Amino acid sequence: MSSAEPGRGVTAVIGGGAAGIAAAKALIEAGLPVLGIERAPCLGGLWRLDAGTASYRGLRLNTSKPRTEFSDFPMPAEWPDYPTRAQMLEYLRSYAEHFGVGESFRFATTLESARRTGDGWELALTGPDGPYTETVEHLVVANGHNHEPRHPEPPYPGTFGGTESHAHDYVTPAELAGRRVLVVGTGNSAMDIAAELVGHASTVLLSARRGVWVLPKRLLGRPSDQLNGALAALLPWRVRQVVSQAVLRIADRKPAGPRLAAPRRGVLQDHPTLSDSVPGLIARGEILARQGITRLDGSRVHFADGRADEVDHIVWCTGYRAVTPFLDADTVPDPASLLLYRHVFPIGDDSISYVGLMQSTGSALPVVEAQSRLVAAVRTGAHRLPDPESARRIASAELDAARERWGQRRPHMRIDVDQYLRVVNRELRPSPARALAGRRILVTGAAGTFGRAMSARFTAQGARVVGLDIARPTARPDGSDIPIIACDITSQESVDAAVAEAAALLGGIDLLINNAGRGGPAPAELAPGDEVEAQLRLNLLGAWRVTATVLPHLVRARGRVVFIASRMAVLPLPLAAAYGVSKRALAAYADALRLEVGTHVGVTTVYPSMVRSPIHDSTRQAGLSLDAVSRPEPVEGVVDAIVRAVTARRAPRDVATTRRGRVEMMVGRHTPALADRLVRRTVAARVAAGDFAGAPLAAGMVRRHRG
């Protein structure tokens, strides 16, 4: 359900920016009725360029694409590392359109007040047709906190005789052309605006009350925030701080000349300020660095180091005040000082939640996405919050840690993005018994031994499964079969049609299991015949064809693909060359795919040994049975390994299904000469025992062993 008439069960989402869009999307996907309220005529929030937003024409992201984008909607590959304001607005609107978010919103509608009732909230709204009221069960506050400008408190002594404005009102540098402009602040907006004014204003001054780390946008050839992201997966923030500062000293050589004051606190202890241009502009004297203001005196501004400058205009880049004007002071005395469980839920109050009321060390988008998933899980009952006492204890401990790291500057709102995402993802991780709940899975070879067993397990764990096979099997009497679409995976036309049908049935695809396979005798010494070509077409090219066709769905869903190979891909056996070669090539394809799409899709190859199934019948009939070579393993053991792989937090690269299989893989990969000797010894013993007597395809090998 994407939208609904207001009333019982409805969740109202206040705000149509990134936080509101993410919240509405998560609630819609969870099947909950949503009423979105946005005072502007369209979605986009602060990235819209109009009088009601904090955007300016030259605004760019200060976090790179991979560290900014939503997990299931990548930014276009051709965009720059740091997209522009216009691109960011396009991205948010494309995301909203793709997931049908706009249908749930009422635009040009202002929430005047929200008053608690016995069953939820009564909303006083003003829309295009005038005022009216609605009642909803739950309120998601996602109105952002970059609306109400904040000025220095208390005001600086004295009176300023020139003009002044806040960064909220700045649009282009042309509006301040030819004037002596003082920019006050050290955040990203201050750095951007000061740099833009160079060449337009006659003089540009930048006042920094405290030292600040100005990080370059690129370090060691990559966007600088990606270095911290990589370290965050391995190290606590204090160790990351030491490493980051060492890298900055080595790789970020500041130009000689004047510079801003050195920061007193370490990097990672404040919101990052990124600029490639400001340090150089200060060093060349094109921006004049000044300390904090001490007093104003007509057209002169006095600074802490005793300097004074003539100034025509001051741009206050001094941040914003978090406000919720539609909630009374008894409900929210100060939004920036709320003690919230996971920065989302008031303690002991399940009628309201907050998305985006935070200051992150990185991009806000991954954070609001995680918060939205948390709200949706709680609203559906899929996740239970701790009791109020436990929730308060956890939130208080996080607040104490924030104060220790960031001091008293908005500690209630501070979030380390990497740490926060780990905590929320861990909290939302389903129990092993339900780890696949809701996953949309496509299985090739679904009518075979592995396919049936996997599909049954996936379904039992709450997944939705559709299969592909060469022909639809006869329905089982118990009706437990999954939908199977007839598909010849060696035909691109057949694959295109079948994948489209499967995606329509499932509503998308999160996981692809490439299980279809064909075995049979095919000695390497003989010229390749129809059997060799059939195995290569099915085992390798068929899996390649299906994967390439499904891949757009997997990229959108940040899904996974699993290839069922064979231990013969790493420990080859004679007389079955086509099978071993096709499975080894399949593993090579998986490796290449991982390098190309691994940023968005998990790629895993599973290596079973031997399972008794019809795939071995033709080999047995040719007198080349593997029974004396491989130790059969149960189908359920293989399925267990596959389930562990697809439910792991990160997609494993290679998975053996038994302890013996892990040893065989290690030997085959790291000591191939030893592996060859072991196989030759086994083959010689079988020849001596007469196992291949009467097998025409083995005649040459038998003759050579005896000759």
Side-chain angles (χ1 to χ4, degrees), residues 46 53-63 82 85 145-153 155-156 160 162-176 179-201 203-217 224 254 258-265 267 269-294 296 301 303-305 307 309 311-321 359-361 364 409-410:
L46 66 84
T53 71
S55 278
Y56 44 93
R57 198 170 298 280
L59 177 62
R60 278 185 175 270
L61 281 177
N62 54 35
T63 54
Y82 294 93
R85 178 205 61 81
H145 51 86
N146 289 320
H147 301 296
E148 185 170 307
R150 184 175 60 191
H151 290 83
E153 294 180 359
Y156 291 112
F160 180 57
T163 57
E164 52 189 309
S165 62
H166 192 274
H168 184 273
D169 305 311
Y170 175 83
V171 180
T172 68
E175 60 202 45
L176 296 172
R179 308 181 74 182
R180 296 169 296 185
V181 181
L182 170 64
V183 178
V184 180
T186 55
N188 287 291
S189 295
M191 299 292 172
D192 288 349
I193 292 171
E196 283 194 355
L197 288 172
V198 171
H200 295 270
T203 304
V204 181
L205 302 101
L206 180 62
S207 170
R209 186 176 56 184
R210 56 188 176 83
V212 62
W213 288 91
V214 182
L215 309 182
K217 290 195 169 183
S224 54
K254 299 294 185 188
R259 61 182 60 185
L260 289 169
R264 296 179 182 179
R265 297 167 66 83
V267 71
Q269 287 184 272
D270 210 340
H271 193 282
T273 300
L274 276 77
S275 177
D276 288 327
S277 58
V278 166
L281 291 170
I282 291 175
R284 295 192 298 272
E286 295 180 73
I287 294 177
L288 305 178
R290 295 293 185 258
Q291 294 186 11
I293 297 171
T294 55
L296 306 172
V301 179
F303 301 98
D305 61 356
R307 293 185 186 184
D309 289 278
V311 173
D312 299 320
H313 186 90
I314 299 176
V315 180
W316 299 103
C317 299
T318 45
Y320 296 85
R321 191 184 313 280
Q359 283 189 281
S360 165
T361 57
R409 300 183 70 241
R410 287 187 163 184

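Heads up: numbering here begins at 1 and tracks the sequence. Note that the structure is a prediction, hence the values are computed from the model and not measured.
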Answer yes or no: is there a side-chain heavy-atom contact under 4.5 Å between [X] and [Y]?
X    : Y    : value
V204 : E286 : no
L176 : L197 : yes
V181 : T203 : no

Quiz item: Pick one: which of V214, T273, I287 meets side chain to side chain contact (heavy atoms under 4.5 Å, CB included) with L260?
Solution: V214
Quiz item: Picking from L288, L206, I293, what satisfies side chain to side chain contact (heavy atoms under 4.5 Å, CB included) with L182?
Solution: I293
Quiz prompt | Pairing residues for S277 by the side chain to side chain contact (heavy atoms under 4.5 Å, CB included) criterion, not counting sequence neighbours | solution =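 Testing S277 for side chain to side chain contact (heavy atoms under 4.5 Å, CB included), a comparison that skips the adjacent residues, returns A195, S275, L281.
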Quiz prompt | Residues in side chain to side chain contact (heavy atoms under 4.5 Å, CB included) contact with H147, at least two apart in sequence or another chain | solution =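 Partners of H147 under the side chain to side chain contact (heavy atoms under 4.5 Å, CB included) test: R39.
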Practice problem: For the pair Y320 and H145, evaluate side-chain contact (heavy atoms from CB on, under 4.5 Å) and give the outcome as yes or no after the intermediate values. | Solution: CA-CA 7 Å; Y320 296 85; H145 51 86; 5.7 Å; no
With no hydrogens and no angle check, is any side-chain donor or acceptor of [X] less than 3.5 Å from a backbone partner on [Y]?
X    : Y    : answer
D309 : V311 : no
S165 : V315 : no
N188 : L274 : yes
H166 : G319 : yes

Quiz item: Yes or no on side-chain contact (heavy atoms from CB on, under 4.5 Å) for R209 and Q291, after CA distance, side-chain angles and deciding distance?
Solution: CA-CA 6 Å; R209 186 176 56 184; Q291 294 186 11; over 6 Å; no
Would you name the heavy atoms of [X] and [Y] that are closest together and state the gap between them?
X    : Y    : answer
P173 : Y170 : N-OH, 3.1 Å
P149 : H168 : CG-CB, 3.8 Å
A190 : V183 : O-CG1, 3.8 Å
F160 : H313 : CZ-N, 4.1 Å

Quiz item: Is there a side-chain contact (heavy atoms from CB on, under 4.5 Å) between V184 and C317 once you walk through the steps?
Solution: CA-CA 5 Å; V184 180; C317 299; over 6 Å; no
Quiz item: Is the closest basic N to carboxylate O distance between D276 and K217 below 4.0 Å?
Solution: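 No.
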Quiz prompt | OG on S224 to OH on Y82, rounded to 0.5 Å | solution =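 Spacing of OH (Y82) from OG (S224) equals 4.0 Å.
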Practice problem: Report the C-alpha separation of E196 and Y56 in whole Å, then their side-chain angles, then the decisive distance to 0.1 Å, and conclude whether the side-chain hydrogen bond (donor to acceptor under 3.5 Å, both in side chains) test is met. | Solution: CA-CA 11 Å; E196 283 194 355; Y56 44 93; over 6 Å; no
Quiz item: Residues two or more places apart in sequence or in another chain: which of them pass side-chain hydrogen bond (donor to acceptor under 3.5 Å, both in side chains) with E164?
Solution: W316
Going by salt bridge (Lys or Arg N to Asp or Glu O under 4.0 Å), name the residues that satisfy it together with [X], two or more places apart in sequence or in a different chain.
X    : result
R321 : E148, E153
D169 : none
R85  : none

Exercise. Step through the shown structure and confirm whether more than 12 heavy atoms of other residues, nucleotides or ligands are within 6.0 Å of CZ on R57.
Key: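 Counting other residues, nucleotides and ligands, CZ of R57 stays at 12 neighbours or fewer.
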Quiz item: Do you see a donor-acceptor pair shorter than 3.5 Å between the side chains of T318 and H151?
Solution: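 No donor-acceptor contact under 3.5 Å links the two side chains.
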